[in-house]
2 protein chains.
Amino acid sequence: MAKVGIREVARVADVSVGTVSHYLNGTSPVSDDKSRRIQAAIDQLGFVRNNAGRQLRLGHSSTIAYVVPDVSNPFFATIAEGIEQRAAGRGLSVFLANSKGDQPREDAYLDLFEEHGVRGMIVASPGQIENRLASLSARGTPTVLMGQLASSPSQPSISIDDVLGGYIATKHLLDIGCRRIAFVGGPLSVRQVRDRLEGANRAVRESGAATLEVIDVETRVISAGHAVGDAIAARDPAMRPDGVFAVNDLVAIGMVQTLIAHGVRVPEELALTGYDDIEYAGSAIVPLTSVRPPHEEFGVAAVDLLLAVIDGEAPDPAHLVFAPELVARASTAR
Amino acid sequence: MAKVGIREVARVADVSVGTVSHYLNGTSPVSDDKSRRIQAAIDQLGFVRNNAGRQLRLGHSSTIAYVVPDVSNPFFATIAEGIEQRAAGRGLSVFLANSKGDQPREDAYLDLFEEHGVRGMIVASPGQIENRLASLSARGTPTVLMGQLASSPSQPSISIDDVLGGYIATKHLLDIGCRRIAFVGGPLSVRQVRDRLEGANRAVRESGAATLEVIDVETRVISAGHAVGDAIAARDPAMRPDGVFAVNDLVAIGMVQTLIAHGVRVPEELALTGYDDIEYAGSAIVPLTSVRPPHEEFGVAAVDLLLAVIDGEAPDPAHLVFAPELVARASTAR
DNA sequence: CGTTTCGATCGAAACGTTTCAAGAATACGC
DNA sequence: GCGTATTCTTGAAACGTTTCGATCGAAACG
């Protein structure tokens with residue numbers, strides 16, 4: 001398997017390398033005759049364009065990177081879809097990376113992509129990485145911070161108003177008559193958790209007539225919901241909350257499963273809402289009321305924002321904040 | 001932001017470019033004095049190594065690609081984790097791509113990665129892509145086919161014995177006393193579905209005392225399970241199967257939810273097993289018996305196989321087949 | 001002390017592509 | 001038939017890195 005380059009193609013087709021390049025890129029018209037000969041040579045030799053040489057000469061690649069803490073999270077996966085669609089429409093490919101919420105690993109990927117000369121990056125990270133992103137920008141790789149509002153006005157970011165989300169979820173519980181509200185979630189060091197709780201607080205404060213209990217969990221997965229569900233079912237019924245706002249759908253799903261298993265009626269005795277509106281939310285045993293961030297638009301908007309920054313047309317301040325909406329289902333239907 | 005290259009670093013540190021390269025790669029010893037000067041220059045200038053130049057000179061990159069139909073599928077996500085771990089241990093990075101089961105899109109990614117000169121690819125595809133992979137190999141990019149047994153002996157592949165999986169799932173149902181078995185899944189054009197059904201057939205045939213009904217579904221998601229669950233619950237109880245083997249956990253989860261909602265007792269009246277043992281399987285309302293493919297080992301083995309092929313040490317035939325195992329839970333506990 | 005070996009360093013060539021300025025060929029208008 | 005515009009084509013330079021052979025000083029050896 002001799003490696004075949006553009007000059008080999010040129011030799012076989014009996015044209016110059018420049019012409020082959022023009023043919024490949026449409027940079028300049030190529031006569032029909034030579035076009036045919038070139039294509040024939042490409043097919044015959046199995047020529048594949050070498051991106052390294054191309055990129056070296058061009059000075060940039062035609063890819064962007066999307067770095068997330070967890071690709072298997074349906075939330076990020078749906079956004080990825082929007083990103084890829086939009087990027088493809090702009091002639092860009094997307095490199096995906098899984099940081100697993102691990103800082104060193106995230107760093108390694110950021111370095112890797114920078115060395116690879118991506119045009120820009122969209123980074124969703126639970127951590128504090130604004131400084132890191134600022135360095136990247138300073139060296140010429142634009143970034144968009146996804147999922148949290150950037151504190152620096154010059155750092156483009158795209159996020160969801162989680163305070164508002166927490167507010168509308170809790171308001172909904174209050175509206176259907178709940179008075180002993182519980183917020184299930186943690187740890188508060190996670191921004192999103194903190195914001196949702198803050199929204200819940202605000203709604204309760206506004207109402208004036210309800211109480212808010214906080215039930216802390218370490219992880220935000222189904223099994224954590226099971227544990228909390230067990231604990232609540234074990235309480236004296238008078239001590240149970242009558243409305244629960246779970247920090248995400250996984251926790252809510254876990255809770256509803258055990259609550260029902262213990263004979264606690266949802267939503268009659270205890271109404272419950274989740275957050276994120278993942279695919280399974282509507283498919284749960286009691287279809288789950290949830291707060292839905294705008295998945296599809298989100299990815300598209302992220303790419304558009306990144307492209308704007310790349311083209312030096314960053315809006316200022318470059319922060320996009322999306323409002324989530326409530327999806328009411330059976331788990332709060334009174 | 002002037003682009004800063006290795007020669008700029010060399011100029012500032014007052015050494016030759018060759019020395020900087022040696023420092024970066026450890027190719028040859030560099031004196032402490034110059035090491036310090038070089039590092040200082042790098043920090044000062046914010047130098048980032050340009051991968052294009054490097055790769056062009058080297059003739060190859062240090063990345064491999066992992067192409068899957070659906071990154072958000074926990075099955076592929078878990079494997080990805082194993083792949084990344086192992087690859088990192090070998091000094092390789094992993095590029096992830098989402099083909100969405102879409103052939104043109106998959107093709108586009110394969111082209112992209114080939115142009116990028118990846119060292120090799122691990123490709124999970126529901127389609128017929130052996131010819132495509134053969135071309136890649138012929139042009140110098142080794143591949144490992146994941147998820148289906150390659151028909152060509154020379155095409156390395158790594159797969160799970162789905163026939164065996166279908167067999168043990170069905171055998172388990174027979175063992176606990178089921179006699180009217182139903183297989184829920186489709187379409188049969190999908191290899192994995194076909195194989196699982198074949199295993200089920202074999203188990204039923206062996207037993208001699210049971211019947212196997214096939215309930216076809218178009219998609220293998222929760223909502224499809226709901227539909228089938230509704231249909232079964234609507235039947236005259238005497239006409240219902242007493243044991244169901246669902247082609248995957250999503251379908252099984254959907255079924256168990258609606259069956260229970262309709263008052264059909266699981267597992268007493270109807271025992272049910274899923275397939276894949278996804279994270280949610282154990283967290284379902286009735287914890288789900290499932291067939292567990294060896295996730296972790298799988299990714300590691302895929303990388304090892306790919307590396308062997310890259311080094312020209314492909315075992316022959318280069319097919320690795322893993323055996324799944326049954327995880328018994330409440331949904332079949334009689 | 002002469003010779004060899006070894007460790008550091010250097011400068012230049014090479015990797016495969018795109019682009020640029022310029023040349024060749026063809027068509028056009030008169 | 002001549003100048004000129006137009007359409008194609010060309011060869012060479014440049015992108016940033018690694019690597020190779022050469023050089024040089026110092027240490028090791030007898």
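So you know, we letter chains A, B, ... as the sequences are listed, proteins then strands, and number each from 1. Note that the coordinates shown come from a computational prediction; the quantities given were computed from them, not determined experimentally.
- Relative to the side chain of Arg49(B), the nucleotides dT18(D), dG11(D), dG11(C) differ in distance, and dT18(D) lies closest.
- Both distances falling under 3.5 Å, in either a Watson-Crick or a G-U wobble arrangement, place dT19(D) opposite dA12(C).
- Using a 4.0 Å heavy-atom distance criterion, Gly18(B) is classed as a base contact.
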Worksheet item: Is there a ring-ring contact (aromatic ring centres under 6.0 Å, His included) between Phe298(B) and Phe322(B) once you walk through the steps?
Response: CA-CA 8 Å; Phe298(B) 209 59; Phe322(B) 283 71; 5.4 Å; yes
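- We find that Arg37(A) and Asp32(A) are not joined by a salt bridge, their nearest charged nitrogen and carboxylate oxygen being 4.0 Å or further apart.
- Heavy-atom nearest nucleotides on DNA chain D were determined for Ser28(A) and for Leu56(A), and the one closer to the 5' end corresponds to Ser28(A).
- Taking only side-chain nitrogens and oxygens, Lys34(A) comes nearer than 4.0 Å to OP1 or OP2 of dT10(D).
- What separates OH of Tyr23(A) from P of dT17(C) is a distance of 15 Å, to the nearest Å.
- Among the atoms of the strands shown, only primed sugar atoms or phosphate atoms (P, OP1, OP2) are found under 4.0 Å from some heavy atom of Ser31(A).
- The pair Lys100(A)-Glu84(B) fails the salt-bridge criterion, with no side-chain N (NZ, NE, NH1 or NH2) lying under 4.0 Å from an Asp/Glu carboxylate O.
- Taking the side chain of Arg54(A) as heavy atoms from C-beta on, and the options dT19(C), dT17(C), dT19(D), the nearest nucleotide is dT17(C).
- Residue Arg57(B) places no side-chain atom within donor-acceptor reach of the base of dT17(D), judged by atom type and a 3.5 Å distance cut-off alone.
- Between His22(B) atom NE2 and dT18(D) atom C1' the separation is 8 Å, expressed in whole Å.
- Note: CG (Asn25(A)) to P (dC20(C)) measures 13 Å, nearest angstrom.
- Nucleotides of DNA chain C nearest to Val15(B) and Thr27(A) differ in position, and the one nearer the 5' end is that of Val15(B).
- Partner assigned to dG30(D) is dC1(C), using Watson-Crick or G-U wobble distances below 3.5 angstrom.
- Using a 4.0 Å heavy-atom cutoff across all strands shown, Phe47(A) reaches sugar-phosphate atoms only and no base atom.
- Using a 4.0 Å cut-off between a side-chain N of Lys or Arg and a carboxylate O of Asp or Glu, Glu81(B) and Arg105(A) qualify as a salt bridge.
- One interatomic measurement links the two molecules: CD of Glu8(A) to P of dG16(C), which rounds to 11 Å at whole-angstrom precision.
- Between His60(A) atom NE2 and dT18(C) atom P the separation is 11 Å, expressed in whole Å.
- If you check every strand for non-hydrogen atoms under 4.0 Å, Asn51(A) touches nothing.
- Whole-Å rounding puts the Leu24(B) CG to dT17(D) P distance at 8 Å.
- Contact check, Thr19(B) against dC10(C): a side-chain N or O comes under 4.0 Å of OP1 or OP2.
- With hydrogens and angles ignored, the 3.5 Å screen pairs no side-chain donor or acceptor of Glu106(A) with any backbone N or O of Gly101(A).
- A salt bridge between Asp304(B) and Arg90(B) is present, with a side-chain N of the basic residue lying under 4.0 Å from a carboxylate O of the acidic one.
- The nearest whole Å value for the distance from the CG atom in Asp32(B) to the C1' atom in dG7(C) is 13 Å.
- Between the P atom of dA12(C) and the CD1 atom of Ile6(B) lies a distance of 16 Å, rounded to the nearest Å.
- Here the side chain of Val17(A) is nearest to one of dT18(C), dT17(D), dG16(C), namely dT18(C).
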